Structure formats: C-alpha cells, structure tokens
Amino acid sequence: DDLVIGKAVPHHDALLVSSATELRDLLRDRIGEVLAEIPSLEPGDLLGVINDEERSRESLRDALSTRLMEVFRVHRGRAAFGLLYELNRPHLLQQVAGRLRRYQSRSDPNDVLQEVFFNVYRYPHRFDCTREDAFRVWSAMIVRNTVLKQLRKGNRGGRREVPFEDLSDQPETQAKGPLSGAIEMESQAECARVYV
C-alpha cells in the first residue's frame, strides 16, 4: 500500500487550535474533503458530531474518530484516514511515549507511533464501531501491543519484566505449548522406531 504517514497529512498540527469553535470550523472544512472523496457518504453522519455544540473536545474527537475509522474501514478513503491521523496523533503519541518511558525503552516514540498507524491502516476489518469511543479503546490496544512488540524486538537477549495488565491476550506465536511438546516427542519416538 502507498501510505506514507508523514506525507499523507502535511498539516497535522492544524487541529491543535485553541477554541472549540475554531476546531469545529476547521473540522467542517476537512469533512468536506472526505465527502468529496467519497460522494456516497451521508454528510449528516460526520457533520452531526461536529455540529453538536454540547460535546467536549475529547468527546468530539472520540465520536468523530470512530466514525472516520468506520468510513475508512468501508471505503478505504485516504482523506478519512488523514483526518483520523490528524485528530489522534498528539493523543496517541503521548500514550506511546508514556509506555516507552514506563519500560525505560530508548525507542523513538515517533517511530513506534508510525507503526501504530500502520497497524490501524492494515487491520481496519478488526474495528467494531458499536461504541462512540470505539476508536480510542481500539487504538489504545494497538498502542499497547505495538509497544510490547517493539520491546520484544529490541530485547532479544535479555529478559524484561512486564506488568500483568500489559500482557497481550493473544498467545505467543513462537512459544511452544504442552501439546506441541508431546507431539514432537511422539514424532521423534516414531521416527526412531521406523528407522530401526
């Protein structure tokens, strides 16, 4: 795929405006880009979130990010992914940097963040938009897994203690379970018997 995060979104700091009104105006313009790219989209889905004046910045980011991710999942629109990146880059960079500091890793948070967004781009079919904060929760899980993967990659020879709550719920692909050990022992015994 031709995703280059640094070039896909040239003005990612533009969404760090001071007032909520300025942010909403800027988002309306950016939503126009998404709608121009995917004419079949219903404008009310995205604009309804922005026009809700009662929402806080965080609530606005959560709801709009979830809807943008769903648009990206269904239509693979570059403008939707670009805006998703702009909305969430500062927040996710803080999460990545915090986790790296927690494990005393010297990895560059921006490199890990790029890997996080690559995973978001690569696995949209795993996204479930049933909750308004779904993207925040899903991306936090991706941050956790990406940081842990980075730690394993950079820590080949030694051991590092990882808190229980940060352990992945996915089984290690390289780890051997008791069943594979038993199968291997039986295979060796059968090979020795057949050889004789």
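The shown structure was predicted, so the numbers you read here are calculated from the model rather than taken from an experiment.
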Taking C-beta and beyond as the side chain, do [X] and [Y] meet within less than 4.5 Å on heavy atoms?
X      : Y      : result
Val120 : Tyr85  : no
Glu22  : Asp25  : no
Phe127 : Phe135 : yes
Asp108 : Leu113 : no
Leu151 : Leu148 : yes
Trp138 : Thr66  : no

Verify same cluster id: Leu60, Val137 (apolar side-chain graph, 4.5 Å):
no
Verify same cluster id: Val96, Met141 (apolar side-chain graph, 4.5 Å)
yes
Carboxylate-amine/guanidinium contact [X] [Y], below 4.0 Å:
X     : Y      : value
Arg61 : Glu58  : no
Arg67 : Asp45  : no
Arg30 : Glu33  : yes
Arg55 : Glu132 : yes

Sidechain-backbone polar pair: Arg24 side chain, Ile50 backbone, donor-acceptor under 3.5 Å
yes
Flag this pair as yes if the NZ/CZ of Arg76 is under 6.0 angstrom from the six-membered ring centre of Tyr121 and inside a 45 degree cone about the axis; otherwise no.
yes
Tell me whether the NZ or CZ atom of Arg122 lies within the 45° cone about the ring axis of Phe118 and under 6.0 Å from its centre.
no
Check the pair Leu64 / Leu68 against side-chain contact (heavy atoms from CB on, under 4.5 Å), numbers first and verdict last.
CA-CA 6 Å; Leu64 187 57; Leu68 285 168; 3.9 Å; yes
Quick one: CG on Leu93 to CZ on Phe117, what's the gap to the nearest 0.5 Å?
9.5 Å
If only side-chain N and O atoms count, and only distance matters, is there a donor-acceptor pair under 3.5 Å linking Arg28 with Asn51?
yes
